[in-house]
Structure formats: C-alpha cells, structure tokens
Amino acid sequence: MAEDKKPLSRSEREAKIKDKAGWVITVLAALLAVNTYVANGLSSKVLKNTIAANNMYSFYQAKSIKQTLAEQSLDDALARGDKVKAAKLQAKIDRYESDPATGEGKKELMAKARALEVERDVVRKSGPWMTFSGMSYQLGIVLLSASILAVSVPLFWGSIAVSAVGALLMSQGIWLWIPL
C-alpha cells in the first residue's frame, strides 16, 4: 500500500529550493558575465569603426583640398602654356581622385569609409538585444533570490522562464537570426 506523503515543512521546502536555486544562480551569473563581455566587445567595435570611418572621411577631405589646389595650379599652368607642368599636375589630380595602387585615392577612401559604416551599423543592431538579455538575467537572479526568501516554487519557475527569454535575446544579439 502506498504511504501517504506528508507535506514538506517550510524548512524542508526552503532547503530544496536553496539547493536548486543556488545552482541556477551560478549559471545565470556566468551567462550574465558572458553577455556583458560580448556586449562590451560589440560596443568597442562600434566605436572603433566610427573612429576609423571618421578618419577615412578626414583623409578624403584632405585629398579633396589637395586636389582643388592642384586643379588651380593646373589652370595656371595651362594659362601659361606650360604643358610639362600641366601634365604632371593632371597626373597628380588623377591620383587624388583614384589610386588603386595605394588605396588612398578619394574613390578608395570613400569606399573604405562606407564599408566601415555598414559594418558598424550591423554590429550596432546587436546592442539593444544584449542590453535586454542582461536585464533578463539580472531579473532572473533577483527572482531566484526572492524564491529562496519566500520559499516559493512559482517564483523559482518564473525566474527560469525570464532567464530563458534572456538566453533567447542573447542569441539574437550575437547572431541576429531574426531579421528586423
């Protein structure tokens, strides 16, 4: 015959929840640390690409100024009839416009700057997902702590659900698998 199960005492329930919640808190804290590490790396990449794109645009502006000055000198050389000087200046102007050999012509610099901006913008899309994920992990830890104090199994399972949402958000932040 089956024995009648007596209900667990508060201290027995508390011990049971503490044991489970302790392990889950450890896992969530580790996930929160990984989330923070990845998010900081993404933020650094956004900043690095923004600075690099700004540098490319500055270099582009410098080339534009030099090209304008060379064009003015070309006009002067043509006005004087100095064909040798005019040919040298035209070659310089052409290099300012495009210089595939060095990658430092205006055309190449603009392409590099735009590529850096595109990469930055893709990485920037991850930021909110990582922020919401970190918030979910923190909330999960708080709910787990509350489940221990209140000796509440529903709070324990609620923290698991909130943390699962955090994991989903973190995966979206890393892989951007849902196109938005």
Side-chain angles (χ1 to χ4, degrees), residues 25-142 159-180:
I25 286 173
T26 303
V27 170
L28 292 182
L31 285 171
L32 180 58
V34 169
N35 182 79
T36 302
Y37 177 78
V38 171
N40 287 342
L42 293 170
S43 293
S44 295
K45 191 167 190 173
V46 167
L47 182 60
K48 181 184 87 113
N49 282 14
T50 299
I51 291 169
N54 287 344
N55 287 342
M56 289 293 157
Y57 284 124
S58 294
F59 198 10
Y60 178 92
Q61 285 178 321
K63 290 282 183 171
S64 292
I65 292 167
K66 288 180 178 184
Q67 182 178 2
T68 300
L69 293 172
E71 287 169 350
Q72 289 172 347
S73 296
L74 174 62
D75 290 343
D76 293 343
L78 289 172
R80 289 189 318 265
D82 188 347
K83 292 182 181 180
V84 173
K85 179 82 171 172
K88 287 181 182 178
L89 286 167
Q90 186 59 56
K92 188 182 274 191
I93 291 166
D94 292 344
R95 271 195 327 276
Y96 286 141
E97 192 60 39
S98 179
D99 192 356
T102 64
E104 294 181 352
K106 287 177 15 184
K107 178 181 174 185
E108 292 79 17
L109 292 171
M110 184 60 74
K112 288 178 189 177
R114 288 190 175 143
L116 286 165
E117 287 180 327
V118 166
E119 185 180 346
R120 176 205 60 205
D121 292 343
V122 169
V123 172
R124 188 181 280 166
K125 289 179 184 178
S126 297
W129 299 107
M130 300 305 284
T131 300
F132 297 141
S133 172
M135 183 183 68
S136 294
Y137 290 139
Q138 290 174 358
L139 186 56
I141 291 169
V142 168
S159 71
I160 298 295
V162 168
S163 301
V165 169
L168 186 66
L169 293 170
M170 185 170 147
S171 71
Q172 171 65 14
I174 293 171
W175 296 296
L176 297 172
W177 50 274
I178 300 173
L180 298 174

### Message
Rounded at 0.5 Å granularity, tell me how far CG in Leu31 sits from OG1 in Thr26.
### Response
11.0 Å
### Message
Can you tell me how far apart CG (Asp76) and CZ (Arg80) are? Round to the nearest 0.5 Å.
### Response
6.0 Å
### Query
So which heavy atom on Ser136 is nearest to which on Val165, and how close?
OG-CG1, 4.3 Å
### Query
Nearest heavy-atom pair of Ser126 and Gly173: which atoms, and what distance?
OG-O, 2.7 Å
### Message
Measuring only between side-chain heavy atoms, which start at C-beta, is Ile178 closer than 4.5 Å to Trp129?
### Response
no
#### Entry: Shortest non-hydrogen contact from Leu176 toward Val122
CD1-O, 3.7 Å
### Query
Is the closest side-chain heavy-atom distance between Val46 and Leu42 below 4.5 Å?
no
### Query
Do Tyr137 and Met170 touch side chain to side chain, with heavy atoms closer than 4.5 Å?
yes
### Task
Working to the nearest 0.5 Å, report the span between CG of Asn54 and CG of Leu116.
10.0 Å
### Task
Any pair with a residue in residues 30-48 that passes side-chain hydrogen bond (donor to acceptor under 3.5 Å, both in side chains), sequence neighbours left out, goes on the list, sorted by first then second residue, please.
Asn35-Ser133, Lys45-Glu119
### Task
Could you list the residues that satisfy side chain to side chain donor-acceptor pair (under 3.5 Å) with Glu117, not counting sequence neighbours?
Tyr57
### Summary
Residues at least two apart in sequence or cross-chain that pass side chain to side chain donor-acceptor pair (under 3.5 Å) with Lys85, listed by chain then number, are none
### Message
Would you compute the distance between atom OG of Ser163 and atom CD1 of Ile141 and round it to the nearest 0.5 angstrom?
### Response
7.5 Å
### Set of side chain to side chain donor-acceptor pair (under 3.5 Å) partners for Gln90, sequence neighbours left out
Asp94
### Worked verdict on Met130 versus Ile174 for side-chain contact (heavy atoms from CB on, under 4.5 Å)
CA-CA 8 Å; Met130 300 305 284; Ile174 293 171; 4.3 Å; yes
### Task
Have a look at Met56 and tell me which of Lys112, Met110, Gln61 forms a side chain to side chain contact (heavy atoms under 4.5 Å, CB included) with it.
Lys112
Listing, residues 65-72 side-chain donor-acceptor contacts under 3.5 Å, not counting sequence neighbours, or none:
unit_1, atom_1, unit_2, atom_2, d
Gln67, OE1, Lys106, NZ, 2.8
Gln67, NE2, Glu71, OE2, 3.3
Gln67, NE2, Glu97, OE1, 3.0
Thr68, OG1, Ser64, O, 2.9

### Task
Check side chain to side chain donor-acceptor pair (under 3.5 Å) between Glu108 and all other residues, then give those that pass, not counting sequence neighbours.
Ser98
### Separation of Gln138 CD from Leu28 CG (nearest 0.5 Å)
11.0 Å
### Message
For the backbone of Leu109 and the side chain of Lys63, can you confirm whether one donor and one acceptor N or O come within less than 3.5 Å of each other?
### Response
no
### Beyond-backbone contact of Val123 with Asn49, side-chain heavy atoms, under 4.5 angstrom
no
